[in-house]
Enquirer: 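One structure follows; several queries about it will come next.
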Amino acid sequence: MNDLLTNMANHSARVNRLSQRLRIWVVAMIGTLVVITACNKLIPPPPPNDQLLDGPVSGLSEAEHRQFLAGDVAFNDRVFTASNGLGPIFVATSCGSCHPGDGKGHPFTTLTRYGQSDSTGNHWLDQGGPQLQNRALPGFEPEAMPNGAPFSSFTPPAVTGLGFLAALTDQQILSHADPADADGDGISGVANYIAPRPYFEPKWFHQPAGGRYIGRFGKKAGAIDLLMQTVNAYNQDIGITSTFEPVDPYSHHAGDPEVSTQTVRDVVFYLNTLRAPVPRDEADPQVQSGEQLFMQIGCAGCHVPEWTTPESEITALSHKTIHPYTDLLLHDMGPGLDDGYTEGAAITSEWRTPALWGLGLSKQSQGGTYFLLHDGRAHSIEEAILLHGGEGSQSRDKFQHQLSDSEREALIKFLESL
Amino acid sequence: MMPKRLLVACQLVIVASATSQPDTSMNMDATYERPFRQIRETPVSLGGYLEADYQYIGTDGVTEGHTFRIPRMTLFVSANLHQRVKFLSEIELEEGGHAIAIEFAALDIKFHRLLNLRGGVVMNPIGAFNQNHDGPKWDFVDRPIAMTEMLPATWSNVGFGLFGKWHYEDWTVGYEAYLTNGFNDSIISNDQNKTFLPASKTNHERFEESSNGRPLVTSRLSCRNNNVGEVGLSWMGGAYNTIMEDGLQVDLPRHVDVLDFDVKLAVPRLQTTVTAEWAWVFVDVPETYSQQFGSRQQGGFVDIVQPLLKKKLFWFKDAVWHLALRLEYVDWNVGTFSETGGDIADDLWAIVPGVSFRPIRETVLRFNYRRMYQRDLFGNPPSQTAGIQLGIASYF
């Protein structure tokens with residue numbers, strides 16, 4: 001009897017142990033399943049769509065997505081060092097250093113361009129012009145500004161939505177030009193005609209004048225297209241030679257390309273297909289009121305709100321209505337913004353109207369502080385408006401003297417929503 | 001089953017781990033204090049460890065999905081050639097064998113307990129983690145970022161040095177001092193776009209020649225109380241750049257200095273283990289170069305490991321469950337922009353809670369949740385990284 005009871009007790013203990021192990025395994029399995037199914041919840045969500053500048057335009061094909069990604073890597077991830085061509089004199093070590101998150105840059109990478117004060121061209125090219133390379137690899141000396149050279153500082157712009165601007169026709173741009181101010185609104189607007197580089201390939205929508213083409217990129221509209229802008233930045237900002245711009249800014253001699261032609265093409269494609277900034281708070285009555293005030297005081301005379309792209313070789317850019325708030329033309333901004341330096345046919349006080357889309361996101365790429373206008377001198381939108389002169393003075397005066405505090409606030413809120 | 005023909009003895013040396021067992025070893029002893037298996041009557045012992053993990057981690061909504069990794073497998077070979085002469089080598093295979101490196105291969109000659117000579121490929125004793133980094137000893141899947149990416153993890157070089165220990169009752173004081181080859185220009189010229197000391201690890205020529213003919217000095221002083229724990233202070237410094245080429249001067253000598261403080265404490269009643277390390281990096285970066293490459297860095301981590309349960313579980317009579325928490329921080333670029341006077345950010349901070357399970361002392365299964373925030377140079381809104389990691393690590 002005792003043996004039987006002992007056996008039963010042993011059996012019961014074994015059953016209990018097995019039962020305990022089974023429970024542990026079941027709990028472990030359920031736990032594992034819960035963790036795996038909850039994985040997606042663990043990943044931090046992306047920032048809201050309207051807070052992001054990067055990302056492709058919608059409608060790209062899979063092949064175009066691949067090229068976009070290749071350009072993204074080259075633009076944001078590729079770092080140049082002494083071993084792969086950096087410098088030896090330079091401003092930045094990568095494209096992304098100047099355009100963090102594809103947004104506006106910080107004074108850390110502000111460029112200094114110098115040597116030209118009128119339409120006769122740059123007379124300081126033999127003294128390091130047109131751009132100061134203010135940094136150098138160890139063992140090399142960076143450039144110093146030559147005494148007496150006219151110069152201006154350029155804060156790096158955001159690079160989003162550029163493909164839509166590149167897709168516009170010269171005719172569309174010229175339709176906003178009013179060189180003689182025929183309509184008497186105090187705003188003229190002229191195109192900057194630029195001598196093309198040897199690698200430039202005219203498109204069907206270009207309208208040359210005297211062998212020159214309309215510049216639409218850069219603070220002075222000094223670049224005709226994104227290829228010119230890109231290879232110039234590689235060369236002058238990073239000291240990288242390419243098949244397009246083979247001359248090294250340090251030695252002034254042509255050298256082997258330090259970035260491949262395909263990489264340049266990928267970066268250009270990336271810039272062409274970066275989406276336009278998404279506006280925010282459009283339904284906010286204060287924003288809507290601000291938009292009306294923007295039109296009312298004449299800001300839209302230069303910051304043209306709406307364009308529609310024509311047929312483009314990138315299908316996703318074709319026939320799209322965009323809201324960049326620029327006319328891509330040069331305007332005289334008065335003596336306050338006249339640095340005495342220029343590019344192409346622009347006079348020194350003329351600046352290309354910068355696009356305002358993405359303006360409200362600038363602080364998120366500039367370290368929490370606004371650095372606005374061409375050289376980052378304005379630390380708020382209001383300060384930037386008040387620094388407008390020349391063709392912008394009428395709108396500035398209306399903003400300053402005709403609008404009430406609440407109206408000014410509404411206008412700035414509208415600009416921040418872009 | 002262990003083949004008796006090959007392994008006639010199993011020599012298990014105390015492993016310094018975050019278990020509830022009393023820990024009497026010092027970090028400087030970590031190289032030899034590992035489980036080795038002796039081959040017959042020969043003086044040769046073998047050992048090693050393996051780490052493998054699964055992770056599901058993403059940043060700002062973008063993830064690589066379910067990922068399985070084998071970060072490293074390490075093989076040890078040691079030989080007691082004489083009562084006072086011993087040799088140990090450590091070969092590390094990383095990323096499934098993609099990278100193979102001699103991490104340690106040195107001969108030790110003991111003249112006195114206070115005076116030992118070590119020569120060969122030595123581990124520069126800059127910080128406790130660099131000395132005591134075996135995966136199975138740690139309760140976290142990832143290594144601390146400051147100690148592996150700000151400082152070069154498992155930083156070893158060819159050189160010679162002295163070490164020794166002095167004991168008095170519960171106290172032990174140890175010292176180490178080495179002269180080795182060192183860094184090169186890559187620490188301020190690399191694809192990380194920041195001052196990055198580990199970039200020099202890819203310079204395999206350092207096992208053949210110095211980049212500048214000037215030795216890197218590494219020294220460490222540590223003190224241990226058997227009832228409390230260990231503290232250590234390490235310093236490493238020397239010229240890092242190439243100064244002469246074929247007898248011609250190509251640059252001025254520029255220095256890198258690293259100061260590191262580490263502490264490992266045990267709370268006796270709770271059996272809690274606190275391991276912490278903080279390091280400061282000072283690099284002479286030419287003023288005419290870019291502030292992208294910082295002249296100062298700092299960072300560290302704190303690990304708190306609490307044994308929760310020690311009991312027989314299945315076939316493991318001393319299985320231990322631990323609760324673990326890591327806090328870590330790295331500032332890759334301490335300073336202000338010369339253009340604006342504003343702070344240079346370029347930093348990260350992370351919190352990593354976890355649970356680990358040690359069925360036996362040499363093996364650990366660990367489950368971590370990582371939450372990390374990383375800011376760019378300008379201090380723009382941080383990218384957020386989070387996810388889970390499940391890993392195993394074991395000596396064999």
Side-chain angles (χ1 to χ4, degrees), chain A residues 17 20-21 24-25 31-32 35-36 38-47 51-52 77-84 86-87 89-94 96-97 100-101 103 105-110 134-143 153 361 363-369 371 376 379, chain B residues 54 56-63 65-66 185-186 188-194 199 241-243 249-252 254 284-293 313-314 337-340 342-345 367 369-373 375-388 390:
Chain A
R17 280 200 300 274
Q20 186 187 8
R21 288 177 188 178
I24 290 170
W25 279 115
T32 306
V35 166
I36 289 174
C39 273
N40 284 331
K41 308 271 185 200
L42 293 169
I43 306 303
Q51 297 292 319
L52 276 176
D77 297 341
R78 182 164 181 187
V79 175
F80 288 94
T81 66
S83 63
N84 63 1
L86 175 66
I89 53 174
F90 60 95
V91 178
T93 51
S94 70
S97 299
H106 183 273
F108 170 63
T109 50
T110 287
N134 61 336
R135 299 185 172 107
L137 293 175
F140 291 84
E141 282 297 317
E143 286 183 325
S153 300
L361 300 178
K363 282 201 288 190
Q364 294 185 26
S365 64
Q366 296 186 308
T369 305
F371 296 99
H379 299 294
Chain B
Y54 154 83
Y56 188 87
I57 278 186
T59 300
D60 291 341
V62 179
T63 175
H66 303 279
D185 296 273
S186 67
I188 60 163
S189 179
N190 55 68
D191 61 6
Q192 300 292 310
N193 216 11
K194 63 188 172 208
N241 60 318
T242 299
I243 303 159
Q249 183 159 353
V250 294
D251 203 356
L252 298 171
R254 282 176 278 111
D284 180 6
V285 179
E287 281 186 16
T288 53
Y289 199 42
S290 173
Q291 279 191 288
Q292 188 90 41
F293 298 90
L313 186 66
F314 300 135
F337 286 108
S338 56
E339 292 82 2
T340 63
D343 182 50
I344 299 175
F367 176 76
Y369 169 76
R370 170 172 286 273
R371 185 90 191 182
M372 185 166 79
Y373 300 84
R375 296 191 301 171
D376 66 8
L377 202 67
F378 309 115
N380 290 314
S383 61
Q384 297 184 37
T385 298
I388 55 167
L390 183 64

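Bear in mind that the values here come from a model prediction, so they are computed numbers and not experimental data. We name chains A, B, ... by the order of the sequence lines, and we start the count at 1 in each one.
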Enquirer: Return yes when atom CD of B:E287 has more than 12 non-hydrogen atoms of other residues, nucleotides or ligands closer than 6.0 Å, and no otherwise.
Expert: no
Enquirer: Measure the shortest side-chain to side-chain distance between B:I344 and A:F108 over non-hydrogen atoms and say whether it is less than 4.5 angstrom.
Expert: no
Enquirer: Which atoms of B:L377 are under 4.5 Å from chain A, going by heavy atoms: the side chain, the backbone, both sets, or neither?
Expert: side chain
Enquirer: Specify the closest pair of heavy atoms between A:Q364 and B:P381, including all atoms of both residues, with the distance to one decimal.
Expert: O-CD, 3.5 Å
Enquirer: Side chain, backbone, both or neither: which part of A:P45 has a non-hydrogen atom closer than 4.5 Å to chain B?
Expert: backbone
Enquirer: Less than 4.5 Å apart, any side-chain heavy atom of B:V62 and any of A:P46?
Expert: no
Enquirer: Any idea which of A:G87, A:G96, A:S97, A:G103 has the most non-hydrogen atom pairs under 4.5 angstrom with chain B?
Expert: A:S97
Enquirer: Given that the side chain runs from C-beta out, which part of B:N190 has a heavy atom under 4.5 Å from chain A: side chain, backbone, both or neither?
Expert: backbone
Enquirer: For A:G367, does its backbone N or O pair with a side-chain atom of B:N380 as donor and acceptor, under 3.5 Å?
Expert: yes
Enquirer: When only pairs under 4.5 Å are counted, which of B:G65, B:S290, B:G342 shares the most heavy-atom pairs with chain A?
Expert: B:S290
Enquirer: Using non-hydrogen atoms and a 4.5 Å limit, figure out which bit of A:Q366 sits close to chain B: side chain, backbone, both or neither.
Expert: backbone
Enquirer: Quick one: of B:S189, B:G379, B:P286, B:S186, who has the most non-hydrogen atom pairs under 4.5 Å with chain A?
Expert: B:S189
Enquirer: Quick one: which of A:P100, A:G376, A:P47, A:S94 has the most heavy-atom pairs under 4.5 Å with chain B, could you say?
Expert: A:P100
Enquirer: Given the options B:D251, B:D376, B:T340, B:T288, which has more heavy-atom pairs under 4.5 Å with chain A than any of the others?
Expert: B:T288
Enquirer: For B:R375, which atoms come within 4.5 Å of any heavy atom of chain A: side chain, backbone, both, or neither?
Expert: neither
Enquirer: Between A:P142, A:A136, A:G139, which has the largest tally of heavy atom pairs under 4.5 Å with chain B?
Expert: A:A136
Enquirer: Among B:N193, B:N241, B:D191, which has the most heavy-atom pairs under 4.5 Å with chain A?
Expert: B:N193
Enquirer: Measure the CD1-CD1 distance between A:I43 and B:I57 for me, rounded to the nearest 0.5 Å.
Expert: 7.5 Å
Enquirer: Enter the distance from A:T81:OG1 to B:I188:CD1 here, rounded to the nearest 0.5 Å.
Expert: 11.0 Å
Enquirer: When you compare the side chain of A:F90 with that of B:Y289, does any pair of heavy atoms fall below 4.5 Å?
Expert: yes
Enquirer: Determine the minimum heavy-atom distance between B:E339 and A:P107, stating which atoms define it.
Expert: CG-O, 3.5 Å
Enquirer: Is it the side chain or the backbone of B:S338 that comes within 4.5 Å of chain A heavy atoms, both, or neither?
Expert: neither
Enquirer: Over 60° means perpendicular and under 30° means parallel, so tell me whether B:F337 and A:H106 are parallel, tilted or perpendicular.
Expert: tilted
